[in-house]
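Every chain is numbered from 1 and lettered A, B, ... according to where its sequence line falls, protein lines coming before strand lines.
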Amino acid sequence: MDEINDQRQQRIKKLDQLRQMGVAPYGTRFEVKDRAGQLTRLHGEKTKEVLEQERIDCTIAGRIVGLRRFGKAAFAVLQDGSDRLQVYLKKDTLGDHAHQISEGLDLGDWIGVTGILFRTKTNEFTVEVKTLTFLSKALRPLPEKWHGLTDVETRYRQRYVDLIANPQVHQIFALRSRIVSGIRAFLIERGFLEVETPMMHPIPGGAAAKPFVTHHNALGAELYLRIAPELYLKRLIVGGFPRVFEINRNFRNEGISTIHNPEFTMLEFYVSYADYHDLIVLTEELFGRLAQDTLGTTTIDYQGTQINLGSPWRRWSYHQAILEVNSLPPSVLTNRDEALAAAQRLGVDVSPKESLVNILNEIFEETVEPRLQQPTFITDYPIEISPLARRKDSDPSLTDRFELYIAGREIANAFSELNDPLDQRERFEAQAAQHAAGDEEAHRVDEDFLRALEYGMPPTAGEGIGIDRLVMLFTNQASIRDVVLFPQLRPEK
RNA sequence: GAGUCGGUAGCUCAGCUGGUAGAGCAUCGCCCUUUUAAGGCGAGGGUCCUGGGUUCGAAUCCCAGCCGACUCACCA
C-alpha cells in the first residue's frame, strides 16, 4: 500500500489543525465567479494605476501550484484549468482567522478566494485576497516546481499528476477536445446523425484485426470488443438514416507502440448516394476547417516537417505510386515472379510464397508510405485487400477506395461501399477461407450483415479517421501515449 | 518477441577503477508584509527496483527476474 512518508504525515497534521480551527479540510460548494484565463484576458494589460482606480472584484478557485511566504504575508499561484494567476495573502487584509488558515497552506491544496485585482511592485498581475475559503487538502506533495514531472511511466500511470505539473499536457488534451467537438459540429452541420452502435460484437467485423474476447455470463456467449463499427453503421444506412457517424473506441488485440494503443478512437461516417470522390473533397474540407479553427493556420509543423493542409491534396493511385516511386515497369503489377524479383532488389523483406497482391503491398508499405509526408490520397486499392469496398466499374480487380496518408502515416481509410449482397457474400467466403487457413485477421462471414444488405443498401460512401493520429498531427506529438489520457500500460505491481 | 538504455529521498538528478549515501527543489523549526526557481540560518528524510552470487566489504561487479523508454519485428 501507500508509503507513509514524512510529508504526508505533516499534511495530515495540518488537516487536523484546520478541523480544530473549525474549517472543513474537505469542503463543499464554492461559487466561482471568474476564471484566471478570463481575468488575465480582460484586465491583464491594464496598468497599475488603472487597476487601482477600477478596484475590480473577483472570485476564483483553484489549486495552489506556487507558494512564496514572507512572514505575515504570502504569494500563492492558483491554477484553475484556464490559466495560472497569482494571489496575495496578507494578514492585514485577511484578518487573524484567515491568516491562520493561510499559514497552513501547502502546495497542491485547493482554495477559493475573493479579492481585488492589482499589480505588484514587480508589475505582476495579482489578486489581493480579502476572503479565503479552504476547499480541499492535498496529502501528497507536488512534483518539483522547476523540472515538473518527467518520469514517463509516472506521467502515464498518474496522469492526474502530469496534468497538474505540466501545463502543456493540459493544453494538448484541451486541444484534443476542441478537435473532436469541431468534427461533430462539421458533420452535424452537414446533416449527419450521431449514433452509438455496440462495442460488444458476437462476430468481430469491419476490419482485419485480432479482437479481444469477453464472455457474457447470462447469455453464456462469447463476445468480442469491436474492432470497427462499420458493419453496424451500414445496417443503419439500410435502415434509412442517410448520413450517420460515430466517434468511439475500437479495440485491437495487437502490439503497443508509439502509434498503436489497444483501444483507440475512431470516427466513422457514412453518406448515402455519395461515392469516394465526394469523401475526398469532404475530408479536405474537414481537415482545413479543423486546422483553421483549432490552430489558426493550415500549415503545421510535425516533428520538424512542414505539412500543408491547404487543399487540394495529391491524388495518386496505389499502383501508380508503387511503379513511380521505384521506377518499375507496369508488368510487375501482373507478374508475380517479376514482383518478387523487384521486392528482393528493393530490399523489401517478403516471403517467396506470398501472393502477388501481398508482395505489391509490402513494396507499397516499405517504399511508398514513408514518402507520403504531405497529405496524399492513395486510391484504387486491389480488391483482395478491400473486402468491403465497391469494385471499380472501369477495372473490377480494383476498388473505389482511398487511404489518406499524412506524415508517412495512414490517417483515414474510405471507400464507396460494397452494397451488392451477392458480391459481399463471395468476398466474405474468400476471407473465411483465409481465416480457416490460419489468417487470424481475415474477416468472418456475418450472416446478419448479409441479410441487411439483401434488404437493399443505397449507394453509399464511408470513411474512418483515426482520431488519435489526427490529434498527434495537430499537437505535434510523436507518441500516441501523449494524446491518449490513460494509455494502456502493463498493470502496476 | 529481439536489441539498446534506464530504475538512487516526495520530485529532478549526481554518485569514477568496490570502501560509512549526496545536491537542488519539497518537508520541518526560526527570521522576513510586493515575491515570482524569493532570500537567510538550522534540522529531518533512503528496502539505492527485487532475489541470488562474487568479495573482508556491493548503489557500484556477475546472474536471474520485475517495470519502463527507444529501435526493430508485428499491426494490409
[X] [atom1] to [N] [atom2], straight-line distance once rounded to whole Å:
| X | N | atom1 | atom2 | value |
| --- | --- | --- | --- | --- |
| A/I259 | B/U71 | CD1 | C1' | 13 Å |
| A/R8 | B/C28 | CZ | C1' | 18 Å |
| A/I256 | B/G68 | CD1 | C1' | 12 Å |

*A/I411/A/Y405 under side-chain contact (heavy atoms from CB on, under 4.5 Å): CA gap, chis, key distance, verdict*: CA-CA 6 Å; A/I411 301 284; A/Y405 284 86; over 6 Å; no

Candidate nucleotides [options], ranked by approach to the side chain of [X] - the nearest:
| X | options | answer |
| --- | --- | --- |
| A/Y156 | B/U27, B/C11, B/A69 | B/A69 |
| A/T126 | B/U35, B/U27, B/U12 | B/U35 |
| A/E144 | B/C25, B/A26, B/U34 | B/C25 |

request  = Start with the C-alpha distance between A/L135 and A/Y26, add both sets of side-chain angles, then the distance that settles side-chain contact (heavy atoms from CB on, under 4.5 Å), and finish with yes or no.
outcome  = CA-CA 6 Å; A/L135 298 177; A/Y26 297 101; over 6 Å; no

Within the structure shown, what part of the strands sits under 4.0 Å from [X] by heavy-atom distance: base, sugar-phosphate, or nothing?
| X | value |
| --- | --- |
| A/E124 | base |
| A/E254 | sugar-phosphate |
| A/F118 | base |
| A/R252 | nothing |
| A/L149 | sugar-phosphate |
| A/N358 | nothing |
| A/T258 | sugar-phosphate |

With a cut-off of less than 4.0 Å, is there a side-chain N or O of [X] near OP1 or OP2 of [N]?
| X | N | value |
| --- | --- | --- |
| A/K145 | B/A26 | yes |
| A/T150 | B/U12 | yes |
| A/R490 | B/G68 | yes |

Fill in: A/R69 to A/F75 six-membered ring, cation-pi geometry met (6.0 Å, 45°)
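No, A/R69 and A/F75 do not form such a contact.
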
Assess A/R401 against A/Y381: is NZ or CZ under 6.0 Å from the centre of the six-membered ring, and within 45 degrees of the ring's axis?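 That pair qualifies as a cation-pi contact.
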
(message) Applying side chain to side chain donor-acceptor pair (under 3.5 Å) as the test, list every pair that has at least one member in residues 337-353 of chain A; sequence neighbours left out.
(response)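 Pairs touching residues 337-353 of chain A that pass the test: A/S331-A/E338.
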
Between A/C58 and A/V127, does the side-chain contact (heavy atoms from CB on, under 4.5 Å) criterion hold? Intermediate values first, please. CA-CA 8 Å; A/C58 63; A/V127 181; 3.8 Å; yes

Identify, residue by residue, the members of [range] with a heavy atom below 4.0 Å from RNA chain B, and return them in order of residue number, or none.
| range | value |
| --- | --- |
| residues 82-107 of chain A | A/Q86, A/Y88, A/K90, A/D92 |
| residues 473-488 of chain A | A/R481 |
| residues 10-20 of chain A | A/Q10, A/K14 |
| residues 46-68 of chain A | A/R68 |

Notebook entry, point to check: Tell me the ring pair (Phe, Tyr, Trp, His ring centres under 6.0 Å) pairs involving residues 90-142 of chain A, sequence neighbours left out?
Noted result: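 Applying ring pair (Phe, Tyr, Trp, His ring centres under 6.0 Å) to every pair that reaches into residues 90-142 of chain A, excluding sequence neighbours, yields nothing.
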
May I ask which nucleotide in the shown strands pairs with [N], Watson-Crick or G-U wobble, both distances under 3.5 Å?
| N | result |
| --- | --- |
| B/A64 | B/U50 |
| B/C56 | B/G19 |
| B/G10 | B/C25 |
| B/A38 | none |
| B/U71 | B/A2 |
| B/U33 | none |

(message) Looking only at side-chain N and O atoms, does A/Y270 offer a donor or acceptor that is under 3.5 Å from a partner on A/E268?
(response)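 Distance-only check passes for A/E268 and A/Y270.
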
| said: With nearest nucleotide decided by heavy atoms, which residue, A/Q431 or A/T120, maps closer to the 5′ end of RNA chain B? | reply: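 Taking each residue's closest nucleotide, the earlier one in sequence belongs to A/T120.
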
Select from A/R469 and A/W146 the residue whose nearest nucleotide in RNA chain B is closer to the 5' end of that strand.
->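 Upstream on the strand: A/W146.
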
Rounded to the nearest 0.5 Å, what separates atom CG in A/L89 from atom CG in A/L105?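 The CG atom of A/L89 sits 6.5 Å away from the CG atom of A/L105.
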
Would you compute the distance between atom CZ of A/R409 and atom CD of A/E369 and round it to the nearest 0.5 angstrom?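 These two atoms lie 11.0 Å from each other.
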
Check the geometry between A/F70 and B/U33 and answer yes if their rings are stacked (centres below 5.5 Å, planes below 30°), otherwise no.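 A/F70 vs B/U33: stacking no.
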
Decide, yes or no, whether a salt bridge links A/R63 with A/D109 under the criterion of side-chain N to carboxylate O below 4.0 Å.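 A/D109 and A/R63: not salt-bridged.
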
What I want to find out is whether A/R249 reaches A/E263 closely enough, with some N-O distance under 4.0 Å, to be called a salt bridge.
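Yes, this pair counts.
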
Looking only at atom types and distance, does a side-chain atom of A/R469 sit under 3.5 Å from a main-chain N or O of A/E410, one as donor and one as acceptor?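 Yes, the answer is positive, given that a donor and an acceptor are paired below the 3.5 Å cut-off.
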
### Query
Looking only at atom P, what distance separates B/A64 and B/U47, rounded to whole Å?
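The answer is 27 Å between these two P atoms.
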
_P atoms of B/G15 and B/A23, separation to the nearest Å_ =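 Pairwise P distance, B/G15 against B/A23, rounds to 15 Å.
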
ask   = A/W316 versus A/L372: any side-chain heavy-atom pair under 4.5 Å?
value =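 A side-chain contact under 4.5 Å exists here.
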
| message | What verdict does the side-chain hydrogen bond (donor to acceptor under 3.5 Å, both in side chains) test give for A/S397 and A/R391, after you've listed the backbone C-alpha separation in whole Å, the side-chain angles of each residue and the deciding distance to 0.1 Å? | response | CA-CA 7 Å; A/S397 73; A/R391 286 176 200 270; over 6 Å; no

Using the side-chain contact (heavy atoms from CB on, under 4.5 Å) rule, take A/T126 and A/R119 through it: C-alpha gap first, then chi angles, then the decisive distance, then the call. CA-CA 6 Å; A/T126 305; A/R119 277 189 188 282; over 6 Å; no

